[in-house]
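For reference, the structure is listed below as structure tokens.
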Number of protein chains: 2
Amino acid sequence: MSNYDTDTIDQLAEMFKALSNPNRLRIFLELIDCCPPGTLWQQDGECCAFVGDLTRVLEIVPSTVSHHMKALRQAGLIKMRRRGKQIVCWVDPAAVQALVRFFNR
Amino acid sequence: MSNYDTDTIDQLAEMFKALSNPNRLRIFLELIDCCPPGTLWQQDGECCAFVGDLTRVLEIVPSTVSHHMKALRQAGLIKMRRRGKQIVCWVDPAAVQALVRFFNR
DNA sequence: ATCATAGTTCGACATGTGTCGAACTATCTA
DNA sequence: TAGATAGTTCGACACATGTCGAACTATGAT
């Protein structure tokens, strides 16, 4: 058997599941695109998209976007924080690194 | 909008979906483990597991393993070839490289 | 030829997923 | 305080997924 324990496998599977839906993958890509490593990953969400931006770009109703954001967040791939009326969100670099390590092992 | 076209996104999503089920992820890991790059990836499947091996290790009935193998194969993550009564399978290094590039972009 | 072995395909079925609209909550503004 | 704006939660529903066992197919052995 492989040297991963059940929890690790479940956690990885959850990350992949979060990226397995085209719309969620698009959200993830939007967040990566709007915040290249140099800007985003050092400023803990100071740059980056609002949920409303994603709603417009993807042409999906807000409730569905919210639903997908939740899945991405629970998988640990993105972070969110309220700023006034809006909620700002960004990709968690640690999660991406975990995936890179997985494939590079 | 991100600079990926619809087909690319769908294809990536399918790869992630293939890895989004714990048992399929386990199969993928088994195949990677039994065939480290040096041995496997240069001998096009001369090393590597049989489907029956995976059935035993994962403790899942053959029909379910077969079902999962099909998903991994259709996503382009693994290759299979019949050798006598058995079917040998291995991870496609090109697919893994595509995923590595995706996260490293 | 018959049989055994290794996988696949099929049908069934419980459970999970993706989407929407309606109702709700939190925050700012007038 | 009342209204507007930005998201979330809930309920519904069509559709997809994961799993099994039974029947089938392909190959090798007796």
Side-chain angles (χ1 to χ4, degrees), chain A residues 6 9-31 34 45-75 77-90, chain B residues 6 9-31 34 45-75 77-90:
Chain A
T6 304
I9 288 196
D10 287 351
Q11 200 174 334
L12 279 167
E14 193 181 1
M15 284 188 179
F16 290 129
K17 177 166 287 179
L19 298 175
S20 74
N21 173 270
N23 280 332
R24 273 198 305 270
L25 184 53
R26 261 180 269 266
I27 291 174
F28 185 77
L29 287 171
E30 282 302 317
L31 291 183
C34 76
E46 287 309 305
C47 101
C48 256
F50 301 124
V51 172
D53 298 338
L54 299 167
T55 302
R56 275 183 290 283
V57 171
L58 297 174
E59 296 176 322
I60 301 175
V61 297
S63 61
T64 301
V65 171
S66 184
H67 178 67
H68 286 321
M69 303 295 281
K70 191 173 180 180
L72 288 164
R73 187 161 40 83
Q74 286 183 338
L77 290 170
I78 67 171
K79 300 282 187 185
M80 305 171 73
R81 181 183 305 163
R82 178 174 283 276
R83 174 126 50 95
K85 266 189 295 189
Q86 295 171 314
I87 292 183
V88 67
C89 41
W90 65 98
Chain B
T6 304
I9 289 195
D10 287 352
Q11 201 175 334
L12 279 167
E14 192 181 1
M15 283 188 180
F16 290 130
K17 177 166 287 179
L19 299 175
S20 74
N21 173 272
N23 280 332
R24 273 198 304 270
L25 184 54
R26 262 180 269 265
I27 290 173
F28 185 77
L29 288 171
E30 281 303 317
L31 292 183
C34 77
E46 287 310 306
C47 99
C48 256
F50 301 122
V51 173
D53 298 338
L54 300 167
T55 302
R56 274 183 291 283
V57 171
L58 297 174
E59 296 176 323
I60 302 175
V61 298
S63 61
T64 301
V65 171
S66 184
H67 178 67
H68 286 322
M69 302 295 282
K70 191 173 179 179
L72 288 164
R73 186 159 41 81
Q74 286 182 340
L77 290 169
I78 67 171
K79 300 281 187 186
M80 305 170 74
R81 181 183 304 163
R82 178 174 284 278
R83 173 125 51 94
K85 265 189 298 188
Q86 295 170 314
I87 292 183
V88 66
C89 40
W90 66 98

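Each chain gets a letter, A, B and so on, in the order its sequence line appears, and its residues count up from 1.
B:Gln74 places its CD atom 11 Å from the P atom of D:dT17, with the value rounded to the nearest Å. Taking atom CZ of A:Arg81 as the reference point, atom P of C:dT27 lies 15 Å away to the nearest angstrom. When rounded to the nearest whole Å, the span between CD1 of B:Ile27 and C1' of D:dG18 equals 12 Å. Atom CZ in B:Arg83 sits roughly 17 Å away from atom C1' in D:dA26 (whole-Å rounding).
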- Note on the structure: Contact string for nucleotides 3-10 of chain C, one letter per nucleotide 5' to 3', B = base within protein heavy-atom range under 4.0 Å, S = sugar-phosphate only, - = neither, reads --BSSBB-
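Between B:Asn21 and C:dG16, a side-chain N or O to OP1/OP2 separation shorter than 4.0 Å is absent. For C:dT19, one of the phosphate oxygens OP1 or OP2 lies less than 4.0 angstrom from a side-chain nitrogen or oxygen of A:His68.
Under a 3.5 Å cut-off, the side chain of B:Arg24 and the backbone N or O of B:His68 do not form any donor-acceptor pair. Of the possible polar contacts, none joining the A:Ser66 side chain to the A:Ser63 backbone as a donor-acceptor pair under 3.5 Å is found.
Among residue pairs with one or both ends in residues 55-65 of chain A, those qualifying as salt bridge (Lys or Arg N to Asp or Glu O under 4.0 Å) are A:Asp53-A:Arg56; sequence neighbours excluded.
One distance of note links CG of B:Leu29 with CD1 of A:Ile9; it measures 5.5 Å at 0.5 Å rounding. A:Glu14 CD to A:Leu72 CG: the interatomic distance, rounded to the nearest 0.5 Å, is 10.5 Å.
Applying the salt bridge (charged side-chain N to carboxylate O under 4.0 Å, His left out) test to B:Lys79 and every residue at least two apart in sequence or in another chain returns B:Asp92.
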